[in-house]
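The block underneath contains the structure these notes are about, expressed in structure tokens.
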Amino acid sequence: MEFRTIIEPFRIKSVETIKTTTEEQRKKAIAEAGYNVFLLHADDVLIDLLTDSGTGAMSSAQWGALMQGDESYAGSRSYYRFRDAVQDLTRFKHVIPTHQGRAAERILFHTILHAGDVVPNNNHFDTTRANVEVEGAEARDLVIPEGRVPGLLHPFKGNMDLPALEETLGKDGARVPLVMVTVTNNSGGGQPVSLENLRGVRALCDRFQKPFFLDACRFAENAYLVKRREKGQEGRTPKEIAREMFSLADGCTMSAKKDGLANIGGFLAMNDDAWAEKARNLLILTEGFPTYGGLAGYDLEAIARGLEEVVEEPYLHYRIRSIEYLAEKLESARVPMIRPPGGHAVYLDARGLLPHIPPLQYPGVALVNALYEVAGIRGVEIGTVMFGLRPDGTEQPGPMDLVRLAFPRRVYTQSHVDYVAEAVLEVAKNAGNLRGYRIVEAPRALRHFTARFAPLGP
Ligand SMILES: Cc1ncc(COP(=O)(O)O)c(C=O)c1O
């Protein structure tokens, strides 16, 4: 018999108390934080869905592996174990550890980009975009048109628009040093990319002789969604699918804080010897010696073990099903959101829920703050605040105004998910009363992390 109840495929050995606060206390806390949930004290948050990055729970096997960490400066045993785990999945020749994903991006782009270059991607994540733009290059998003319409059903809304990529490579090919695809597509809603689409990108890269890199942060979730949604893939294991994904690429950037099931870490991996040599030289300058790259030996052990656990099917089933379950509850109450849900989060469509708040009054911030005030839940705006600032300092509406509720891996239980559903429904019921915000102060880059806001009058 197939049971409908989703159970966590683990039992709990150690618990961490979460603090309950009153709505009054939360209203005070968010005002003091300049109405930016990034500036809250985490102790004032009940259910923290700010990010799935580095917030997961490690297994007892990972905690055990920490004690195996070899802290040798050079040639550490833990590095070789880490390298072998990465190569078991990716087969890439060079594996360069970094302290997190953005360090891998920084090193890759600083190694290969020149001002005026173009980097095509389905959707650049914010740090990826910033690391491209800081080199004076253009981060060009080429996700399929369906990927830009939140409510439209499509199994692979993270797919690259292949005709658009072909056009970019045809017109601007001389300025394109590599093509990237982000799996799953975080900025576009955690949406998967099909194997068929990755094969299409590979074929174009072969034709135009361009290297192809994956932003592989959520490769295992992508592999499981391929298994669930792509014809002909249902009989394969997530690991087999993941291996095929990597086999289509020439390299990857990776934040091990996601599908590495670790609290810190990342890597850059590739086949090209010349790029790898340059990257290692830069690594030594900013991260550390090539066999530790800014990580402790015990971090490398935790990641190595995490990469093995993350492709286990019972884990991926529970993870993806509990996100789907939340989405189903919200959908049945007609809360607008990205459909179908992606791998690591539910993305509420704040622009759809709050049509009375124009994008430049940040409907995503209004929804995030309401969820915090009402229920102590912390989500994050992925919209005009995150993507609306142009390099020249002017503002435009972001492509969408979303609120991401990202689930840390193996941290919350099914009743936490029920609580979140109840809270979202409560906020949605009173959506008409929410107000927009204005920015009081903000930096010129990555402003969503530190901007301070003020609520607009009724
Ligand atoms: C798709 C994607 N790429 C890159 C990164 C950057 O990784 P890190 O936070 O480890 O620097 C993230 C982090 O959220 C991400 O989601």
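Both ligands and their constituent atoms are indexed starting at 1 by order of listing.
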Check: every ligand 1 N/O to protein N/O pair under 3.5 Å:
residue	atom	partner	partner atom	Å
ligand 1	3 (N)	Asp215	OD1	3.4
ligand 1	3 (N)	Asp215	OD2	2.7
ligand 1	7 (O)	Lys258	NZ	3.2
ligand 1	9 (O)	Gln100	NE2	3.3
ligand 1	9 (O)	Arg102	NH2	2.9
ligand 1	9 (O)	Lys258	NZ	3.3
ligand 1	10 (O)	Gly101	N	2.8
ligand 1	10 (O)	Ser255	OG	2.6
ligand 1	11 (O)	Gln100	NE2	2.9
ligand 1	11 (O)	Gly101	N	3.4
ligand 1	11 (O)	Arg102	N	2.8
ligand 1	11 (O)	Arg102	NE	2.7
ligand 1	14 (O)	Lys258	NZ	2.8
ligand 1	16 (O)	Asn186	ND2	2.8
ligand 1	16 (O)	Arg218	NH1	2.8
ligand 1	16 (O)	Arg218	NH2	3.4

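In this structure, a donor-acceptor pair under 3.5 Å is present between the side chains of Asp126 and His448. In this structure, a donor-acceptor pair under 3.5 Å is absent between the side chains of His94 and Asn271.
Ring pair Tyr437/Tyr35 is tilted by interplanar angle, where 30° to 60° counts as tilted.
For the side chain to side chain donor-acceptor pair (under 3.5 Å) criterion with Asn123, the lone passing option out of Asn185, Asn186, Asp215, Thr182 is Asn185.
Look at Glu309 and Arg410 and you find a salt bridge, because one of the NZ, NE, NH1 or NH2 atoms lies within 4.0 Å of a carboxylate O, short of that distance.
With sequence neighbours excluded, the residues satisfying salt bridge (Lys or Arg N to Asp or Glu O under 4.0 Å) with Asp172 are Arg140, Arg175.
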